Peer 1: 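Attaching a single structure in structure tokens format; questions to follow.
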Protein chains: 2
Amino acid sequence: MEIKQQIRLAVDAIVFGYEKNTLYVLAVQQKYGVFKDFWVLPGGFIKDDEPLITAVKRELLEEAGISVNYLEQLNTYGDDVHRDSRGRVVSVAYFALVNPQNFVLKADTDAKDAKWFPIDKLPKLGYDHKEMVDLAHQRLKGKLTYQPIGFDLLDDEFLFSDLENLYCSILEQDIDRRNFRKKILSFGIVKETEKLVKMRASGRPGKLFKFDKDKYDSLLGENFQFEIKFA
Amino acid sequence: MEIKQQIRLAVDAIVFGYEKNTLYVLAVQQKYGVFKDFWVLPGGFIKDDEPLITAVKRELLEEAGISVNYLEQLNTYGDDVHRDSRGRVVSVAYFALVNPQNFVLKADTDAKDAKWFPIDKLPKLGYDHKEMVDLAHQRLKGKLTYQPIGFDLLDDEFLFSDLENLYCSILEQDIDRRNFRKKILSFGIVKETEKLVKMRASGRPGKLFKFDKDKYDSLLGENFQFEIKFA
DNA sequence: GCAAAAGTGTTATCAGTACACCCATGG
DNA sequence: CCATGGGTGTACTGATAACACTTTTGC
């Protein structure tokens with residue numbers, strides 16, 4: 001292994017949060033470099049002895065003080081040799097969902113400013129990060145329909161209308177309340193609790209529901225397919 | 001950018017070929033290193049000024065003399081810090097389909113031995129390449145059902161039974177011939193040619209069909225969804 | 001004429017879709 | 001009593017699933 005590469009490896013994360021019918025993306029403000037004062041996705045170079053996934057989690061903790069609920073690899077950006085003006089940088093982008101508990105950003109060790117932006121009000125992002133957000137957004141929309149990841153954006157216990165509004169607002173579609181409930185309940189992976197709460201300012205209180213992950217995992221074994229389609 | 005990483009970046013490809021109801025994977029024999037004489041996936045280190053995708057294509061040409069029909073990024077392997085005993089190597093794996101024209105392997109510049117293995121008769125592969133093959137195999141099965149990529153494994157013109165057998169053998173399911181044909185034809189992306197040929201040793205000759213990519217691309221614009229499900 | 005593969009329609013069943021009214025709460 | 005959101009059932013429709021015989025060719 002004589003040949004030395006002049007390539008550096010980084011990770012970036014597209015972190016989605018959801019609150020009040022709005023989908024948010026996490027961005028941080030650059031303090032140095034070409035993109036000083038620009039908003040970019042949280043991320044950074046990986047250490048020599050650090051697994052990729054560890055690097056992402058570390059960066060998220062350092063830059064925004066959050067830990068995420070769901071994390072998966074999205075895509076590796078390495079076709080544009082000049083995507084970073086400092087030299088050849090290849091970046092592995094991760095797709096993440098954060099649950100509302102972690103939605104509030106803690107003070108960050110890196111002294112960078114971290115902030116949630118509604119996805120349709122994102123500022124101009126540095127590097128090719130807009131491209132990453134777009135891809136992640138597509139993935140989110142796609143996965144919502146064939147994997148129960150929506151629950152990772154909600155509280156542990158939620159109203160059925162929360163789930164419905166989440167699907168409705170992220171997929172930008174109207175949903176029939178009765179059909180939606182029928183479909184979700186037919187999977188048997190969401191269970192009703194006994195708690196009746198009034199979460200809204202007005203209206204009748206609703207029951208809280210929980211995602212039954214164990215049940216889902218066990219169903220996965222036997223030809224079970226989660227899928228939500230709409231009219 | 002003072003800190004220098006000691007990480008090297010490679011690409012690997014899982015290339016699928018299909019012939020006579022059998023799914024094949026391309027492997028090459030290592031001539032040097034720890035895995036000397038082991039079979040591994042085609043791949044290698046990328047050059048400093050080389051896009052990832054170019055690196056994959058180059059390696060495939062060098063090591064097996066083939067160019068592929070379909071190529072997409074699969075996953076980046078960088079969580080196991082010791083996946084390569086020579087040091088920290090992160091590898092971007094690509095998923096590729098080759099059409100039958102390129103199925104015959106040409107002499108390779110790298111003097112490595114390249115060979116097609118039926119997927120269920122793969123030899124032990126070096127590194128974490130078995131893991132890559134498994135993931136790619138899963139992706140292939142999945143994509144077959146919701147994207148028309150099966151055509152990339154077939155000749156430009158094919159018998160309907162070829163397509164049916166491909167789905168049938170890769171997905172390991174029985175298919176009802178009439179329902180399958182009805183479904184595929186209903187999409188309008190496969191057109192019948194006037195050619196009647198006898199491709200088989202015996203039996204009635206069949207019409208040749210072609211995948212109409214332009215039609216597919218135009219349909220994609222408008223809420224069209226390719227999907228094949230089975231009983 | 002026999003073996004092998006191509007070609008072709010109809011019916012039954014199930015899942016998806018459309019749709020509207022009553023209930024519980026707060027103000 | 002009014003506004004707001006929660007909760008519920010049925011009938012229609014369209015897609016999927018099951019199913020078997022006839023045709024063309026080579027030998």
Side-chain angles (χ1 to χ4, degrees), chain A residues 19-21 144-146 154-155 157-169 171 173-210 219 223-231, chain B residues 19-21 144-146 154-155 157-169 171 173-210 219 223-231:
Chain A
E19 206 171 53
K20 304 231 181 69
N21 293 354
L144 266 186
T145 70
Y146 65 89
L154 290 176
D155 241 313
E157 297 187 323
F158 51 87
L159 295 174
F160 223 98
S161 59
D162 288 331
L163 187 63
E164 186 193 321
N165 289 331
L166 183 144
Y167 271 85
C168 186
S169 58
L171 297 180
Q173 294 192 29
D174 288 337
I175 294 176
D176 180 279
R177 189 150 34 112
R178 282 173 291 189
N179 293 339
F180 181 75
R181 175 185 280 246
K182 208 186 307 173
K183 186 72 172 290
I184 295 280
L185 291 178
S186 76
F187 294 139
I189 57 175
V190 169
K191 61 184 183 204
E192 192 171 320
T193 70
E194 291 307 311
K195 299 169 203 164
L196 202 66
V197 295
K198 49 176 183 1
M199 302 282 290
R200 321 286 185 189
S202 71
R204 172 176 170 178
K207 285 220 188 77
L208 287 177
F209 290 79
K210 272 182 89 129
L219 283 173
N223 56 308
F224 167 76
Q225 178 69 352
F226 178 88
E227 184 164 33
I228 310 272
K229 276 193 197 154
F230 298 100
Chain B
E19 208 172 52
K20 305 231 181 69
N21 293 354
L144 265 186
T145 70
Y146 64 88
L154 290 177
D155 242 313
E157 298 187 323
F158 52 86
L159 295 174
F160 222 96
S161 60
D162 288 331
L163 186 63
E164 186 193 321
N165 288 333
L166 183 145
Y167 271 85
C168 186
S169 59
L171 297 179
Q173 294 192 28
D174 288 335
I175 294 175
D176 180 278
R177 190 149 32 111
R178 283 174 289 190
N179 291 340
F180 181 75
R181 176 185 279 247
K182 208 185 308 171
K183 186 71 171 289
I184 296 280
L185 290 178
S186 76
F187 293 140
I189 58 174
V190 169
K191 60 184 181 202
E192 193 171 319
T193 69
E194 291 308 310
K195 299 169 202 161
L196 203 66
V197 294
K198 48 178 188 354
M199 304 282 289
R200 321 287 185 190
S202 71
R204 171 176 171 177
K207 284 221 188 79
L208 287 177
F209 289 79
K210 271 183 90 127
L219 282 172
N223 56 308
F224 167 77
Q225 177 71 351
F226 178 88
E227 187 164 28
I228 309 272
K229 276 191 193 153
F230 299 99

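Naming convention: chains lettered A, B, ... in sequence-line order (proteins, then strands); numbering from 1 in each chain. What you see is a predicted model; the values in this text were computed from it and never measured.
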Peer 1: Give the rounded distance in Å between these two atoms: NZ of A:Lys229 and P of D:dA15.
Peer 2: 11 Å
Peer 1: D:dA17 P sits how many Å from B:Gln173 CD, rounded?
Peer 2: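 Interatomic distance, CD of B:Gln173 to P of D:dA17: 10 Å.
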Peer 1: Taking only residues at least two apart or on different chains, which pairs with a member in residues 190-210 of chain B satisfy ring-ring contact (aromatic ring centres under 6.0 Å, His included)?
Peer 2: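 For residues 190-210 of chain B: B:Phe160-B:Phe209.
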Peer 1: Quick check for you: name the first and last nucleotides of DNA chain C, 5' to 3', having an atom under 4.0 Å from a heavy atom of chain B.
Peer 2: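 Here the contact window of chain B covers C:dA4 to C:dT10.
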Peer 1: Any side-chain heavy atom of A:Thr145 within less than 4.5 Å of one from A:Leu171?
Peer 2: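 Yes, side chains in contact.
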Peer 1: As an exercise, state the distance from CG of A:Asn165 to CD1 of A:Ile175, rounded to the nearest 0.5 Å.
Peer 2: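 The distance works out to 8.5 Å.
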Peer 1: Within the 4.0 Å limit for protein heavy atoms, which parts of nucleotides 18-27 of chain D are touched? Write it as a string from 5' to 3', B for base, S for sugar-phosphate only, - for none.
Peer 2: BBB--BBBS-
Peer 1: In whole Å, what is the span from the CG atom of A:Asn165 to the P atom of D:dT4?
Peer 2: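 Whole-Å distance recorded here is 16 Å.
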Peer 1: To the nearest 0.5 Å, how far apart are CG in B:Asn179 and CD1 in B:Ile228?
Peer 2: 11.0 Å
Peer 1: Between residues 183-195 of chain B and DNA chain D, which residues have a heavy-atom gap below 4.0 Å?
Peer 2: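 Residues of residues 183-195 of chain B under 4.0 Å from DNA chain D: B:Lys183.
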Peer 1: Determine which pairs satisfy salt bridge (Lys or Arg N to Asp or Glu O under 4.0 Å) with at least one residue from residues 183-204 of chain B, sequence neighbours left out, and list them in order.
Peer 2: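 As it turns out, the salt bridge (Lys or Arg N to Asp or Glu O under 4.0 Å) pairs with a partner in residues 183-204 of chain B, which skip direct neighbours, are B:Glu157-B:Lys195, B:Asp162-B:Arg200, B:Lys191-B:Asp212, B:Glu192-B:Lys207.
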Peer 1: Going by the rule side-chain hydrogen bond (donor to acceptor under 3.5 Å, both in side chains), which residues pair with A:Asn21 if we only count those two or more places apart in sequence or in a different chain?
Peer 2: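 If we apply the side-chain hydrogen bond (donor to acceptor under 3.5 Å, both in side chains) test to A:Asn21, skipping adjacent residues, the hits are A:Tyr18.
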Peer 1: The criterion is side chain to side chain contact (heavy atoms under 4.5 Å, CB included); which residues satisfy it with B:Lys20, sequence neighbours excluded?
Peer 2: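 Result, side chain to side chain contact (heavy atoms under 4.5 Å, CB included) vs B:Lys20: none returned.
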Peer 1: Quick one: list whatever passes ring-ring contact (aromatic ring centres under 6.0 Å, His included) with B:Tyr146, sequence neighbours left out.
Peer 2: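 With neighbours one apart ignored, the set is empty.
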Peer 1: Output the rounded distance in Å from CZ (A:Phe180) to P (D:dG6).
Peer 2: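 Atom CZ in A:Phe180 sits about 13 Å away from atom P in D:dG6.
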Peer 1: Taking ring-ring contact (aromatic ring centres under 6.0 Å, His included) as the definition, give me every residue that meets it alongside B:Phe158, ordered by chain and number, with sequence neighbours left out.
Peer 2: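 Counting only residues at least two positions away or on another chain, B:Phe158 forms a ring-ring contact (aromatic ring centres under 6.0 Å, His included) with B:Phe151.
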Peer 1: Going by the angle between their ring planes, with limits at 30° and 60°, are A:Phe187 and A:Phe226 parallel, tilted or perpendicular?
Peer 2: tilted
